[in-house]
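Treat the numbers as computed from the prediction; the structure is a model and nothing was measured. Letters A, B, ... mirror the listed sequences (proteins, then strands); counts begin at 1.
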Number of protein chains: 2
Amino acid sequence: MLLSQKCQYALRASFHLAKCYGQGPVRIADVAEAQAIPKRFLEVILGQLKQGGFVASHRGNEGGYVLDRDPSGLTVGEIIRFVEGPIGPVGCMAGDAKENCPLRGRCVFMPMWEQVRDQVEEVYDNTTLQDLVEKERAQERQFAPDYAI
Amino acid sequence: MLLSQKCQYALRASFHLAKCYGQGPVRIADVAEAQAIPKRFLEVILGQLKQGGFVASHRGNEGGYVLDRDPSGLTVGEIIRFVEGPIGPVGCMAGDAKENCPLRGRCVFMPMWEQVRDQVEEVYDNTTLQDLVEKERAQERQFAPDYAI
DNA sequence: ACCTAGTCGATCAAGTTGGTCGGGATTATA
DNA sequence: TATAATCCCGACCAACTTGATCGACTAGGT
């Protein structure tokens with residue numbers, strides 16, 4: 001039912017890097033502070049996202065992380081699937097678990113599960129990090145429209 | 001992301017009792033066998049559903065469980081909420097967890113979470129046990145239309 | 001009285017979650 | 001080349017949840 005904390009952290013971290021896209025590396029500590037994520041745990045998460053090709057890192061002084069994908073082409077769904085595995089309300093919809101279902105083929109719930117999965121994927125796969133960044137910028141303009149005056 | 005095994009068992013058990021609605025008590029062992037649920041575990045689950053007023057039990061010889069609600073008025077959503085708690089992709093949408101969110105008020109993800117929750121609830125709250133029973137009966141007619149000849 | 005079934009509380013192994021820690025490797029800059 | 005900043009890596013860990021199992025007990029019908 002719920003997304004793991006780790007997955008939410010991964011999304012928030014990616015989002016933060018999307019905000020800083022094109023501005024050079026961002027330190028783990030900065031991401032951690034901005035997004036209220038435990039720093040040591042974030043190290044683990046960013047390392048994983050790096051394996052997946054979502055982010056890239058620069059070591060040493062002046063180092064940090066950058067988003068390694070164009071935010072306008074990177075969806076929330078991709079990140080969730082990478083961290084959590086296939087999207088869906090039950091495990092028996094994908095992979096080998098599907099074959100092991102004792103009710104294989106005659107499970108009345110399956111159409112409902114599929115309906116839910118499709119609805120959820122629809123949302124996650126049509127939300128890009130760019131969308132979120134723009135949404136936040138729009139909100140900031142609304143609540144502090146004259147910050148530059 | 002996923003519904004717990006327990007919740008799926010609860011749904012399958014309720015569904016089975018809905019199939020037998022109006023035909024007297026069904027033994028735990030029968031439900032367990034029909035729905036491929038570990039019997040001892042099912043005891044626990046049915047006990048819980050009884051507390052929630054979803055089912056009723058009759059002890060002694062010829063005893064068993066019956067659905068204590070009209071299947072046409074009992075939705076999947078009700079059962080899921082009873083077993084799993086509030087529906088939604090993240091914990092910080094309901095109750096006290098909402099207040100504890102470090103990003104309270106300015107979380108860009110919240111509208112997306114709400115969208116997902118609404119879509120999922122839409123499906124679960126509009127599927128009754130009666131719907132599922134009828135769907136299965138229709139399927140059986142399709143695959144074995146002449147079983148009574 | 002006796003059999004059948006539900007009931008209740010304790011218990012439990014294994015896996016997942018959500019982290020933490022120490023120290024090592026790498027790089028920019030002075 | 002020293003140094004400070006920064007990421008990197010594997011090990012470790014406590015707490016919780018999941019998915020059960022067991023034995024003994026209680027209630028009901030015949």
Between atom [atom1] in [X] and atom [atom2] in [N], what is the gap in whole Å?
| X | N | atom1 | atom2 | result |
| --- | --- | --- | --- | --- |
| E43(A) | dG10(D) | CD | C1' | 12 Å |
| R59(A) | dC9(D) | CZ | C1' | 9 Å |
| K39(A) | dC8(D) | NZ | C1' | 12 Å |
| L2(A) | dT18(D) | CG | P | 10 Å |
| K6(B) | dG19(D) | NZ | P | 9 Å |
| Y9(A) | dT17(C) | OH | P | 14 Å |
| L42(A) | dT17(C) | CG | C1' | 17 Å |
| L3(A) | dT16(C) | CG | P | 17 Å |

Is [X] touching bases, backbone alone, or none of the nucleic acid, heavy atoms closer than 4.0 Å?
| X | answer |
| --- | --- |
| K50(A) | sugar-phosphate |
| V26(A) | sugar-phosphate |
| E62(B) | nothing |
| G63(A) | sugar-phosphate |
| I28(A) | sugar-phosphate |

* Asked: Between dG6(C), dA28(C), dG19(C), which nucleotide gets closest to the side-chain atoms of N61(A)?
  ->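 Minimum distance to the N61(A) side chain belongs to dA28(C).
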* Is R69(A) reaching over with its side chain to a backbone N or O of L74(A), donor-acceptor style, under 3.5 angstrom? -> no
* Asked: Just by distance, do the side chain of N126(A) and the backbone of E122(A) share a donor-acceptor pair under 3.5 Å?
  ->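 Indeed, once roles are kept as given, a pair shorter than 3.5 Å links the two residues.
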OP1 or OP2 of [N] versus the side-chain N and O atoms of [X]: is any pair under 4.0 Å?
| X | N | value |
| --- | --- | --- |
| S57(A) | dT6(D) | no |
| R27(B) | dA5(C) | yes |
| Y65(A) | dT6(D) | no |

* Asked: If each of G60(A) and Q51(A) is mapped to the nucleotide of DNA chain D with the nearest heavy atom, which maps nearer the 5' terminus, i.e. the 5' end?
  ->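 Its nearest nucleotide being more 5', the pick is G60(A).
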* With the threshold set at 4.0 Å, does a side-chain nitrogen-carboxylate oxygen contact exist between R137(B) and E134(B)? ->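 Here R137(B) does not pair with E134(B) in a salt bridge, since their nearest N and O are not under 4.0 Å apart.
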* To do: State plainly whether the residues E33(A) and R27(A) are in salt-bridge range, i.e. N to O under 4.0 Å.
  =>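 Judged by the 4.0 Å cut-off on N to carboxylate O distance, E33(A) and R27(A) do not form a salt bridge.
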* To do: Report yes or no: is there a donor-acceptor pair, N or O only, under 3.5 Å between the side chain of R40(A) and the base of dG18(C)?
  =>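 Between dG18(C) and R40(A), which were checked side chain against base, a qualifying N/O pair under 3.5 Å is absent.
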* Just checking, is any N or O donor in the side chain of Q119(B) or Q115(B) under 3.5 Å from an acceptor N or O on the other one? -> no
